[in-house]
Each structure stands twice: as structure tokens, then as C-alpha cells.
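Working notes, beginning with the structure itself.
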Amino acid sequence: MWKNVKAAPADSILGLTEAFRNDPNVKKVNLGVGVYKDEEGRTPILACVKAAEKILLEKEGTKSYLPISGDPTYAKEVQNLLFGEASEVITSGRAVTAHAPGGTGALRVGGDLLKKFYPAAKVWISKPTWANHKGVFQTAGFELAEYAYYNPATRAVDFGAMTACLEKVPAGDIVLLHACCHNPSGVDLNSDQWRQVAAIGKEKGWIPFLDFAYQGFGESVEADRCGIEEFAATGVDFFIASSFSKNFGLYNERTGALTVVCPTAEEAAVAMSHLKTTIRVIYSNPPAHGGLVVATILSDPELHKQWLGELAGMRDRIKAMRVALVEGLAARGVKGDFSSITRQRGMFSFSGLSDEIVAWLRTNKAIYVVGGGRINLAGLTKANIDYVCDAIAEALDK
Ligand code: LMR
């Protein structure tokens, strides 16, 4: 069957992790995949997760199927995080949420659902975007188009170019937006800019689809949802793919959600019926464990507080590593202005390193960076920061 088939290329992000694992160099550093590392270079299980798992181990009485849309308490807690408790979206009941296997699963379910009702739509992605966005929506059968987003010259959002593109997106097309901590650039819209983008969406009639994989890694759980709040305030239909891989460290539990926000509760009920038929033919119903962990933590005031503290700890450590990297490069007299790294948010930074430098770092120093120069700051620690700064200084001196 496979004799005459050419092997597929390795995934641009997860393939890098495979290569990293196989690299025998003891000094190797993985700045590729978006996975949090602590100061010891480990990806820890949060203490609140361990506590919730202990509770579940004692209390859980069945492994029977969950409903197609997942555990209802999980859906309720997801909505509390997305919109804020007692927000109008929640009290009016005009949003429905299904547990999906990770943020990627949520994007794909959303893509399949949209394809049923908007078969001729294009999906507009930011330039640049997370590499997997393209694959997910192309495989769901959509043609892609790009809207302007990051300006490498200013290392900031080119808001004028972005809004000029979004003004031209036809009604019924889908616009995929990063709700916070833009992946890969690390540059975000402010709340005033979100308001303007939401107003354009409402006026032009395109369908917003917000990818929300890093809530709490920017400023805070509340501040990071300002884009969601602006779209909610317009009253339009929109989609949110959210994930607890990063902010709960539940990477391998595939714990995400697709939320469909509608103008009314009646429409939301119809949306849920189609969401269920979409899910049923892909994975039938979701895996339970990650969702039960999240629901247990968020519905317990003490565990919830503990989670917020642990999340702040991850966020603060990444911010400290941003400063350490910029200072480390400056101390070595590295040419170029890297100060934008401290203004970027979330796990990633567009370092400005060329693909040639990225390849040199991998071959000569076993430092793994995603093509395009995206660095995962969470992969830096006090133990490896000097090695990384020395290597970048050497590479840029070539
Ligand atoms: C990343 O961008 O590195 C993460 O979201 C992990 C992934 O699945 O690509």
C-alpha cells in the first residue's frame, strides 16, 4: 500500500519536538512547541490539578459515556471564564458550549459545523498565524485567505492594514482571530481596537471565530477576554474555540471547548442541536477526565483561587524570561533591537531571527526554534539563558 507513497513532511511544530527528543546533545534547548516549562525545565502538573484528581479518584463512580456535548458543569464553568459570571451572554442563555478534544478539536468541530451552513465561505486567517490553522480549515474543506496583521518593521500589529482588509471581507465569510497572546507573533489588539474590529464584523456580516488558547497568559483571565466581550456586545453570531492545555497544563488530556454565541437563546438551542450531530460523527462524545478536573477546580472557591495563583506564577515567569533574554542579548552587544520581545504577550515571541539563523541554531547548538523565528519563552530557564544568549550572539555575528 505504501511502497510508492512519498512520506509526509514532519509537522512544523510537533515534528520539532520529535527531533528534539532524539537529539543526543546534553545542552539541547527546546524553544519550539508551546508548552510551559518551570525553572527546572519541567512541564509540571499544577497542584490544583493534582488536588482535583484526588477528589475525582474518590468520588468518580462511573466511566459511562458523557453527553455528546460533555459534562454540563464543565460547559457552565467554561462560559464563566469566557464571558464572566452573570454576564449578559450567560444570563440570556444565548451561548452553547461543547467540550471538544483540545483547542484543535474545537476548531475542527467549528469548521465542520460552519461548512454545513456556509459551504462556499472562505476562512480568513491572520498573516502570520499558527501553522495548524491552515491545515484544520483546509481539511474541513475551506478555501483560505489572509488578512494583514503583523508588521515586521514595527514589530507590532498593523492595525490600519488589518482593518482595511477586514472591511473588504464579504458577508458570510469566516474571520479567524486570536483572542489573546497571538500565536506566533505575541502582539495583540487593545480593547479599543477590538471594539473597532467587532463593529466592522457586525457591519460587514462576516462570521467571527475566536481562537482562545492562552487565557490568563497575557495580563489576567479577565483582561485577556476583552475581545470576546466586544464581540458579545455587538449581539452577532460568533464562535469561540478555547483550550485548557496551557492555562491548566492539561496538554495531554485534550481539554478544550467550542462555544457558539447567538443573538437569542432560541437560536442557541438550534445551534447546539447541529453541534451535537457534528460531534457525533467525529468522536461521538468527549473524553471525560480533563473536563472533570477543570470543572472540579473552577467550581470550588479554594481550588479556583489556587489555580489563579499558579496561572499567575506561569505568566510572571515567562515575563521575567522575556526581560532576561533582552538583557542577555544587549549585554553581549548583539546587533538589532530586541526590546519588542518584552512588549509581546503570552508564550511566544517573534524574535526576528531569520530561517537561516534558526537552522544554524539547531544544527550547531541544538537549540530548537520554529521556522519564522517564533521562540517559546517558557522554554528558557536561568540554567539555559546564558547558553541561548551566547548562541544567538554567535549566530548573528556570522
Ligand atoms: C504551539 O503552537 O506550539 C502549540 O499550540 C502546540 C501545537 O499544537 O502546535
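Just so you know, ligand 1 is whichever comes first in the structure, and atom 1 is the first atom listed for that ligand. Any value given below was found using the heavy atoms of this structure, including those in side chains, with hydrogens, waters and symmetry copies removed.
The NZ atom of Lys54 sits 14.0 Å away from atom OG1 of Thr296, with the distance rounded to the nearest 0.5 Å.
Atom CD of Glu85 is surrounded by 12 or fewer heavy atoms from other residues, nucleotides or ligands within 6.0 Å.
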Would you tabulate the side-chain donor-acceptor contacts of residues 282-291 under 3.5 Å, counting partners in other chains and residues two or more places apart, or write 'none'?
unit_1: Tyr283; atom_1: OH; unit_2: His99; atom_2: O; d: 3.4
unit_1: Ser284; atom_1: OG; unit_2: Arg280; atom_2: NH1; d: 2.5
unit_1: His289; atom_1: NE2; unit_2: Glu53; atom_2: OE2; d: 2.7

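Figure legend: cation-pi geometry between Arg374 and Phe348, with NZ or CZ positioned under 6.0 Å from the six-membered ring centre and within 45° of its axis. Under a cutoff of 6.0 Å and an axis angle of 45°, Lys115 and Phe142 form a cation-pi pair.
Checked against the 6.0 Å centroid threshold, Phe209 and Phe137 count as a close aromatic pair.
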Please tabulate, line by line, the atom pairs linking an N/O of ligand 1 to a protein N/O at a distance below 3.5 Å, with the distance in Å to 0.1, or answer 'none'.
unit_1: ligand 1; atom_1: 2 (O); unit_2: Trp130; atom_2: NE1; d: 3.0
unit_1: ligand 1; atom_1: 2 (O); unit_2: Asn183; atom_2: ND2; d: 3.0
unit_1: ligand 1; atom_1: 2 (O); unit_2: Arg374; atom_2: NH1; d: 2.9
unit_1: ligand 1; atom_1: 3 (O); unit_2: Gly34; atom_2: N; d: 2.7
unit_1: ligand 1; atom_1: 3 (O); unit_2: Arg374; atom_2: NH2; d: 2.8
unit_1: ligand 1; atom_1: 5 (O); unit_2: Lys246; atom_2: NZ; d: 3.1
unit_1: ligand 1; atom_1: 9 (O); unit_2: Trp130; atom_2: NE1; d: 3.0

